[in-house]
Structures are given as C-alpha cells and as structure tokens.
**Student:** 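Take a look at the following structure, please.
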2 protein chains.
Amino acid sequence: MIPKKSTYADDKKVLRVVSINVNGLRASEKKGLFDWLATSDADVVCMQETRINPEQWTDKFKPTGWHTHLFPAQKAGYAGTAIYSRLPIKSVKTGLGFDIADTQGRFICATFDFGIGIDVNIASLYLPSGSSGDDAQARKDVFLQEYAKILKQWRDDNQSMIICGDYNIVHKRIDIKNWSGNQKASGCLPHERAWLDHIYDELGYIDSFRAVRDEPFLYSWWSNRGQARAKNVGWRIDYHVCTPDWQDKIVGAWVYKDAWFSDHAPVVVDYRLSID
Amino acid sequence: MIPKKSTYADDKKVLRVVSINVNGLRASEKKGLFDWLATSDADVVCMQETRINPEQWTDKFKPTGWHTHLFPAQKAGYAGTAIYSRLPIKSVKTGLGFDIADTQGRFICATFDFGIGIDVNIASLYLPSGSSGDDAQARKDVFLQEYAKILKQWRDDNQSMIICGDYNIVHKRIDIKNWSGNQKASGCLPHERAWLDHIYDELGYIDSFRAVRDEPFLYSWWSNRGQARAKNVGWRIDYHVCTPDWQDKIVGAWVYKDAWFSDHAPVVVDYRLSID
DNA sequence: CTTGCTAGG
DNA sequence: CCTAACAAG
C-alpha cells in the first residue's frame, strides 16, 4: 500500500506523479481507475494507451478537481496519451515533431510553475511496441533514434523534466522475470536495452524508480495470457525518466501491482519540491 | 412451460420440431442452449445464424445422441444454418441453387423416413435481413422471388415439408407489437407481408403456429435495444411453414420466450406422425 | 445493444 | 488473452 502524502513531514512540498498505461481509458474507467486515483493522493497522472477519441472523452473521464489534457491518435481507438493534474498547468505541448509521435498521440507534456525557480515539465510518453513483427520493430527503432535526439536537446537546454510512460523496453536482468527466455523478444532486445543505457549513462537521465528501489520482482506489466500477473511473471517497462536535478529529490517509488484496471500497474514516484 | 412429450397418449407418434435463430452458436452455447435442448424433448432442431466455421464447430457443439449437420456461409462468423436430430436422417441437402442461399449457408434440409409412406423434409431457412439499407432490402427481395419459385416447385412435386426458420418478415398485425410504427421498417413492409400471403393463400402452405394458436402478443424476436424483450415489444418472424399434409397433424405450438440464449426465442411445434 | 472479425498489443 | 473498431443484424 502506498502511503498518504500526509505521512511526510511537509506534504505540501511533495509532488506525487503516477504513470499508468490504462490499456483503454473506457475499459479502465469501468474497472475503477478513477476510484483508485481519488484515493491515490496523486498530483499529476500520466496516462498512455488511452484509446479514446475526443468525442468519446465525456465528463465521466474528467473528475472534478482535475485539469485534464488528452492527445489522441488520428486513428480511432488506438494509442494516445493524456495528462491529468490537480495542480495548475502553465502550458501543454503535444507531439515531438516527428511522424508517429505526432499522428499516434504518443507524447504530451505539461509545464508547471512550482515556484522553485525553474519550469518543470512532466510528460506522458507511449513508445511503440515492436512485438507485432519486423515492421513494427523497425518503426520502434526509428522512434528511439528520433527521440534520443530530443532527449539530448533537452539536456543541452538544461530543461527540468520527468518523462513518465510506457517505454516498452526492460532495462536490466532485474527488470524481467524470464530474462533468458526473452532475449529475442521485442522489448528485451540487446539494442533496445543499450538505448536505455545510453539515455541514462551518456545523457545523464535518471530512472526515478531504481534511484530508490533496488529489489527484484517489481514489474509494471504482465501478459494477459495464462496466470502471468498472479504468478508475477512480469516486465518493468513503465518508467519515470527524469533529469539529474531530481536526483536527490526522489523520496519514494512504488509499483501498485494490486491496482488491476489494466495489464499494466501504476508506477508512483514522490518528488520533493524545494529550492536547493 | 412446454409440456413433455410423455403427456401425449402415444408420444412415440409425436414429432417435436424446434426452430431457433441462435445469433451465434458459440454465444448461445455459453448461455445454455444445449442445456435447454436436453430438457426440451425436441426430435429435430433447426438453427439459423449459427455464425460458426466448420473448424470451430467442435465436440461441445455436438452433444451425444444427436445427428448434427452444419451449412456454414463462406464468410467466417456470418449467417449459416444447421439441423440437429435425435432421429435418423436419410439424407441432407444444402443450398437452394441460387447465389446467397448457397454461399451464405441459408438453407439446409434433412430428409426423414418416418414410416408414414412418404419422405418428410425438414429444413432450416435463414432469410436475409433487409434492415441495413436499400441494397440489403434489394437482395432480400431477390431471395424472396427466387425462393417462391422453389416453394411452388415443391408443391407441384407433392413434397411433404416443414421449413422452419427466420423469415425476417412479420405476417399480420397480430404478429408485431408496434404495427403502426413499423410500416416502413424492413420486415414489416407491405410487399414482404404480401409475399407471405402468397405462400399461404396461393401456394397452400400453412403457418403451423397460427394453425393452432390465435392469441396476440406471441413473438419470436425482440430488439436488443432498451428493454424490448422485458416489455414484450416483439415481432413474430420465426416460422414453421409446412405443406398441407400436416394441416390436421399439428397438435401444439409454443414460443419459449424465457429461453434467453439469443435475441430470438425457440419456436416449438408438435406434429402427429400417422398414416391417415 | 449484440455477435463475431480484425488489428494491435 | 484483452481492447476497441467494424460489419451485420
């Protein structure tokens, strides 16, 4: 169970961010996503795979007290990202300036003024899956190359960022139950994992979850086939990737495996908001 | 509740025939179709809209004690008819020799030797719906014209027939709850009802159900929209159409509204088997 | 509103 | 195995 923010000494200065691939916002709403969110103490929620069109995105998907922003794919019922926030948003940007990031609703970014001297960007990213074949893997690989350039630019520009989302890549052995059996599976390919190494080791981004949690068996996605989730045969592919200004401000991280309204679990990270 | 055949003085000489549009045999199986059939005392069952391919038609759809014959459409998951019989079948014919009757699995006929001096043909017919637009209505009308010729031929040949099925046409005012509101609806169009008049009045076929039941409010299909079935806002569009040799042998007819494994109800008719 | 197909995951 | 679109009813 995730603690209430009120357990912190100064809970007003803790930012709780949730990342969740909802696998269809309409389906996850029926399964209690918004009931869970109401009790989660979340400040900002980054959703992926919303699979909802603007005209279907009715009031029941916009609970009172939340600022809600949707970036749908052009294709109905496919992909899409959203950001929900209890805190005021200064501005919202959608897309990354290249093909499928923009046409498939794979990136939405909210900019906040938390009064800490720098604008904070919190983004929801839905990286393509490569599992449906060679063509899909090729499109994923192109996305990775294009997106790496943007990540580098943000670092060069000294942006403060927390990019939550479904990266569809496990990083290390600890991040997947069946390591040896998945070496040739999309999402666990050596060149994909090397891409994450590059982001962290060379560009200096931080895996917020691993910054404070080093235990194995903490996954964020389980196949729907068989009893994968019950047996915890999972993959950790949902991350909070942040710039190094957050390094010493990560005060807690959880994956909420029992929140079962999707094939993914919510990944929750608490960040301390303060001027150093 | 439909009586057991054992309530008849000589139940061995009563033939119980069931017509049921199953709206997907796989779905209706899950909802208890075969449990109901096991207690129905049926001898022959004519199914329409089976929506199952031969390779999907596994053992669970072939209960022991039944002879089972499927005539699927070429298109997967679409239309299709079947005949199930506890009594031995002499031969089975599929199709009517014209286009969509044959390619869409809309007619299957079993021939029986009941030892009454003449072969008896029991058929399952699934007449096209015209409700999806003008093109569909035009195809239905062509079917009606082609099929009328065949019905005439069977009469000329003095065949003994019981053609069960979903005719997708109400006959008279008594056969539909909302008569005035459906005068322009496919299935209740004047020319369609006139076609049924022709079959009965000019070709001499008999509506087995109406031969023994004259009450209103006995329907065989209800829309899935709203609470149509609960409110009994229905249509009688499923018939047993038989040749006049059966006229004095119809001993009971029921529509089993509470058997809810489809948007249609089973229509059950008992026929006395005897040499006059 | 429902079945089943298909694409996508 | 799950979601959602689609065609058909």
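Letters A, B, ... mirror the listed sequences (proteins, then strands); counts begin at 1.
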**Student:** With sequence neighbours excluded, what pairs up with B:S85 under the side-chain hydrogen bond (donor to acceptor under 3.5 Å, both in side chains) test?
**Tutor:**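 Counting only residues at least two positions away or on another chain, B:S85 forms no side-chain hydrogen bond (donor to acceptor under 3.5 Å, both in side chains).
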**Student:** Could you work out, with side-chain hydrogen bond (donor to acceptor under 3.5 Å, both in side chains) as the rule, every residue matching B:Q145, not counting sequence neighbours?
**Tutor:**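 Once residues adjacent in sequence are excluded, B:Q145 has no partner under the side-chain hydrogen bond (donor to acceptor under 3.5 Å, both in side chains) criterion.
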**Student:** What residues from residues 217-240 of chain A pass a heavy-atom cutoff of under 4.0 Å to DNA chain D?
**Tutor:**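 Output list: A:N224, A:R225.
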**Student:** List, with names and distances, any nitrogen or oxygen atoms from the protein found under 3.5 Å away from nitrogen or oxygen atoms belonging to nucleotides 4-8 of chain C.
**Tutor:**
{"unit_1": "C:dG4", "atom_1": "OP1", "unit_2": "B:R26", "atom_2": "N", "d": "3.4"}
{"unit_1": "C:dG4", "atom_1": "OP1", "unit_2": "B:A27", "atom_2": "N", "d": "3.1"}
{"unit_1": "C:dG4", "atom_1": "O4'", "unit_2": "B:R51", "atom_2": "NH2", "d": "3.4"}
{"unit_1": "C:dG4", "atom_1": "O3'", "unit_2": "B:R26", "atom_2": "NH2", "d": "3.1"}
{"unit_1": "C:dC5", "atom_1": "OP1", "unit_2": "B:R26", "atom_2": "NH2", "d": "3.2"}
{"unit_1": "C:dC5", "atom_1": "OP1", "unit_2": "B:Q56", "atom_2": "NE2", "d": "3.3"}
{"unit_1": "C:dC5", "atom_1": "OP2", "unit_2": "B:R26", "atom_2": "NH1", "d": "3.4"}
{"unit_1": "C:dG8", "atom_1": "OP1", "unit_2": "A:K75", "atom_2": "NZ", "d": "3.2"}

**Student:** Just jot down the salt bridge (charged side-chain N to carboxylate O under 4.0 Å, His left out) partners of B:K149, sequence neighbours excluded, or say none.
**Tutor:** B:E146
**Student:** Expressed as a whole number of angstroms, how long is the span from A:H264:NE2 to D:dT3:C1'?
**Tutor:**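 Distance check: A:H264 NE2 to D:dT3 C1' gives 12 Å.
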**Student:** Decide, yes or no, whether a salt bridge links A:D175 with A:R193 under the criterion of side-chain N to carboxylate O below 4.0 Å.
**Tutor:**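 Looking at A:R193 together with A:D175, the answer is no, because their closest N to O distance does not fall below 4.0 Å.
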**Student:** D:dG9 P sits how many Å from B:Y167 OH, rounded?
**Tutor:**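 In whole Å, D:dG9 P lies 18 Å from B:Y167 OH.
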**Student:** Under 4.0 Å, heavy atom to any atom of DNA chain D: which of residues 135-143 of chain A qualify?
**Tutor:** none
**Student:** In terms of heavy-atom contacts, does CD of A:Q227 have more than 12 from other residues, nucleotides or ligands at under 6.0 Å?
**Tutor:** no
**Student:** With sequence neighbours excluded, what pairs up with A:R51 under the salt bridge (charged side-chain N to carboxylate O under 4.0 Å, His left out) test?
**Tutor:**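 Expected list: A:E49.
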**Student:** Which residues satisfy the side-chain hydrogen bond (donor to acceptor under 3.5 Å, both in side chains) test with A:S124, sequence neighbours excluded?
**Tutor:**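 So A:S124 forms a side-chain hydrogen bond (donor to acceptor under 3.5 Å, both in side chains) with A:Q48.
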**Student:** A:F261 has an atom CZ; how far is it from atom P of D:dT3, in whole Å?
**Tutor:**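 Nearest whole value for this atom pair: 14 Å.
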**Student:** Under the salt bridge (charged side-chain N to carboxylate O under 4.0 Å, His left out) test, which residues partner B:D263, sequence neighbours left out?
**Tutor:** none
**Student:** Using the test salt bridge (charged side-chain N to carboxylate O under 4.0 Å, His left out), find all partners of B:R26 that sit at least two apart in sequence or belong to another chain.
**Tutor:** none
**Student:** Which salt bridge (Lys or Arg N to Asp or Glu O under 4.0 Å) pairs, counting each pair once, include a residue from residues 122-141 of chain A, with sequence neighbours left out?
**Tutor:** A:K140-A:E192
**Student:** Measure the distance from CG on A:D166 to P on D:dT3 and round it to the nearest whole Å.
**Tutor:**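 Going from A:D166 (CG) to D:dT3 (P), I get 16 Å.
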**Student:** What residues form a side-chain hydrogen bond (donor to acceptor under 3.5 Å, both in side chains) with A:Y219, not counting sequence neighbours?
**Tutor:**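 If we apply the side-chain hydrogen bond (donor to acceptor under 3.5 Å, both in side chains) test to A:Y219, skipping adjacent residues, there are no hits.
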**Student:** Closest approach to the side chain of A:E49, judged atom by atom: which nucleotide of C:dT2, C:dG9, D:dG9 is it?
**Tutor:**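 The listed nucleotide nearest to A:E49's side chain is C:dG9.
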**Student:** Starting from C1' on D:dC1, measure out to CG on A:D263 and report it in whole angstrom.
**Tutor:**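 In whole Å, D:dC1 C1' and A:D263 CG are 10 Å from each other.
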**Student:** Just the rounded figure in Å: distance from C1' of D:dG9 to CD1 of B:I100.
**Tutor:** 14 Å
**Student:** Can you check the B:Q74 CD to D:dA7 C1' distance for me, whole Å?
**Tutor:** 18 Å
